[in-house]
Amino acid sequence: MIISWAVVLEFTGCQNDILSDEEKVDFTLPSWPDAYPALSRWQITLLAADFEKEFYLPSGAKNFSIQLKKNEPVCVSANPVTLLQNIDAGEKPESTQAAEAKFFKPAGTVYPYCSRGDFYSGNTECFLTWEEGFTAATMQKIIRSQRESGISRNKLKSFLMEFNWKKMNEKIQANIADSISTFENPDENTKARFYNPWQIDSANLLDNLTFAIFDSKYLNTSYIFTVSKESAKIPAQAEIFSSFIPENQILQKYGLLTLKKKSPQSYLLDKTYAVTLNAASAKNVSASFTYMPILIEDYEHPE
């Protein structure tokens, strides 16, 4: 049910939960900048040891509320589905106009380690952020891989409760803040490099987390290059967006991109095209240009 763009949902992973073991949690979505491609809708995913839920919210939605078991970890992701800018009919068929794309990385959070809000009060409030989207996505992958391995729900739940998700979030946020300062406060002894958690060696991170081994060093990025739009063969007048929202402040202010060695990375160009960059070094960057892939998916818009 949508009430002034606020969606109220009630569900739990077990039908026999008593009310005292649950609480209402209000989740607030991040704001969507006007300068970005038009937002079509939000894809919301919630995943825990004993339930999974996915639904869509309209572009004007600001928040949603759900009933959850108290203090049992739930990863929440909000994936923005955007509209591609209209293409001239002479270039592409009319059917591609106002098509949807799922290009940007999701915002997210992990309950009960919410970015803000007192979850010991009667009205818990959590804020989904772009910085925490990677943590939520990591938890999703762990839950799914553990389920496939045949682990019991109780053991999976215990594993998720023992891991310090809050510490992981704080480390990622600190890394991002420190990396931004290398641009804003340049130091001749420190190279300016933006920290993008989506460039982490995810396979290595997941392997260690699966075996309950965690060290902040697993959140480090390596073989990262900072390159200019010119070096990446991006036209100076072109409007370009990173899929990781926080990186766009560096792109817009300094005209610099963050690439990982021999790891193709796509950017949105002029709200219509995709440019895939592949860096052998900071001075050796190849670029390929294509139309942004159109999202083809069966769904029902919220009423």
Side-chain angles (χ1 to χ4, degrees), residues 7 9 11-14 25 27-30 41-57 64 66-69 71-81 102-115 119 124 126-173 175-176 196-214 216 218-219 221 243-246 295 297 299:
V7 177
L9 304 169
F11 62 92
T12 60
C14 178
V25 185
F27 290 96
T28 298
L29 297 166
R41 53 189 170 125
W42 293 98
Q43 179 188 30
I44 309 298
T45 303
L46 298 99
L47 189 61
D50 54 3
F51 78 83
E52 181 172 358
K53 181 74 174 180
E54 182 179 303
F55 56 93
Y56 289 93
L57 296 179
F64 59 95
I66 61 176
Q67 198 82 8
L68 295 175
K69 293 180 183 178
N71 299 324
E72 291 191 8
V74 180
C75 54
V76 185
S77 293
N79 209 313
V81 179
K102 193 157 65 175
F103 167 74
F104 293 96
K105 300 296 186 186
T109 193
V110 174
Y111 168 87
Y113 318 104
C114 304
S115 54
F119 43 81
T124 300
C126 290
F127 292 76
L128 281 75
T129 69
W130 305 112
E131 291 82 359
E132 294 184 45
F134 178 80
T135 303
T138 298
M139 182 172 163
Q140 282 186 19
K141 291 178 181 178
I142 289 176
I143 290 174
R144 291 194 169 108
S145 66
Q146 290 294 303
R147 284 178 176 177
E148 291 176 359
S149 71
I151 190 173
S152 70
R153 289 184 177 182
N154 287 337
K155 286 185 178 180
L156 177 55
K157 190 178 298 184
S158 296
F159 170 81
L160 296 175
M161 294 180 72
E162 290 171 2
F163 184 75
N164 195 334
W165 299 102
K166 183 177 180 180
K167 181 179 178 181
M168 182 174 174
N169 272 333
E170 290 175 345
K171 179 61 177 174
I172 288 175
Q173 292 173 3
N175 286 349
I176 292 173
N196 183 344
W198 297 92
Q199 293 175 328
I200 291 172
D201 183 345
S202 59
N204 183 50
L205 174 64
L206 289 171
D207 284 345
N208 284 283
L209 292 184
T210 299
F211 291 101
I213 302 172
F214 177 74
S216 59
Y218 297 132
L219 297 177
T221 55
S243 60
F244 183 48
I245 300 292
L295 178 63
E297 184 173 55
Y299 74 99

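This is a predicted model, so every value here is computed, not measured. No hydrogens, no waters, no symmetry mates; every other heavy atom, side chains included, goes into these values.
Shown here are the side chain to side chain donor-acceptor pair (under 3.5 Å) partners of N169, two or more places apart in sequence or in another chain: E132, T135. Contacts of T221 classified as side chain to side chain contact (heavy atoms under 4.5 Å, CB included), with partners at least two apart in sequence or in another chain: Y195, Q199, I200, I224. With sequence neighbours excluded, the residues satisfying side chain to side chain contact (heavy atoms under 4.5 Å, CB included) with K155 are I151, S152. A search for side chain to side chain contact (heavy atoms under 4.5 Å, CB included) contacts involving K157 returns A49, D50, K69, E72, M161, not counting sequence neighbours. With sequence neighbours excluded, the residues satisfying side chain to side chain contact (heavy atoms under 4.5 Å, CB included) with K167 are N164. Under the rule for a ring pair (Phe, Tyr, Trp, His ring centres under 6.0 Å), the partners of F104 that lie at least two apart in sequence or sit in another chain are W32, Y36. Taking the side chain to side chain donor-acceptor pair (under 3.5 Å) definition, one finds that N204 meets it with N208, sequence neighbours left out.
Contact between S243 and F103 at its shortest, heavy atoms only, is CB-O, 3.4 Å. Taking all atoms of both residues into account, the shortest heavy-atom contact from W42 to P30 is CZ2-O, 3.7 Å. Across F51 and R147, no two heavy atoms sit closer than the pair O-NH2, 3.5 Å.
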Exercise for review: Take L29 and L57, measure what side-chain contact (heavy atoms from CB on, under 4.5 Å) needs, and give me the verdict at the end.
Suggested key: CA-CA 10 Å; L29 297 166; L57 296 179; 4.1 Å; yes

Check your understanding: Under the side-chain contact (heavy atoms from CB on, under 4.5 Å) criterion, do N196 and F134 qualify, and how do the steps go?
Key -> CA-CA 9 Å; N196 183 344; F134 178 80; over 6 Å; no

**Study point:** From CA spacing to verdict: side-chain contact (heavy atoms from CB on, under 4.5 Å), Q43, L295
**Key:** CA-CA 12 Å; Q43 179 188 30; L295 178 63; over 6 Å; no

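Atom CE of M139 is separated from atom OG of S77 by 10.0 Å, given to the nearest 0.5 angstrom. Expressed to the nearest 0.5 Å, how far CD1 of I172 lies from OG1 of T138 amounts to 6.5 Å. The CD atom of Q146 lies 10.5 Å from the CG atom of L209; values are rounded to the nearest 0.5 Å. L128 CG to I44 CD1: the interatomic distance, rounded to the nearest 0.5 Å, is 7.0 Å. Atom SG of C75 is separated from atom CD1 of I143 by 4.5 Å, given to the nearest 0.5 angstrom. Here the straight-line distance linking atom CG of L68 with atom OG1 of T124 works out to 9.0 Å at 0.5 Å rounding.
Counting only distance, with no hydrogens or angles, the side chain of Y111 and the backbone of N71 share a donor-acceptor pair below 3.5 Å. No donor-acceptor pair closer than 3.5 Å links the side chain of W130 to the backbone N or O of K105.
Taking the side chain as every heavy atom from C-beta outward, V25 and C126 approach each other to under 4.5 Å.
Classification of the F163-W165 ring pair by plane angle, with boundaries at 30° and 60°, yields perpendicular.
Counting only N and O atoms by type, the side chains of Q140 and T45 include no donor and acceptor under 3.5 Å apart.
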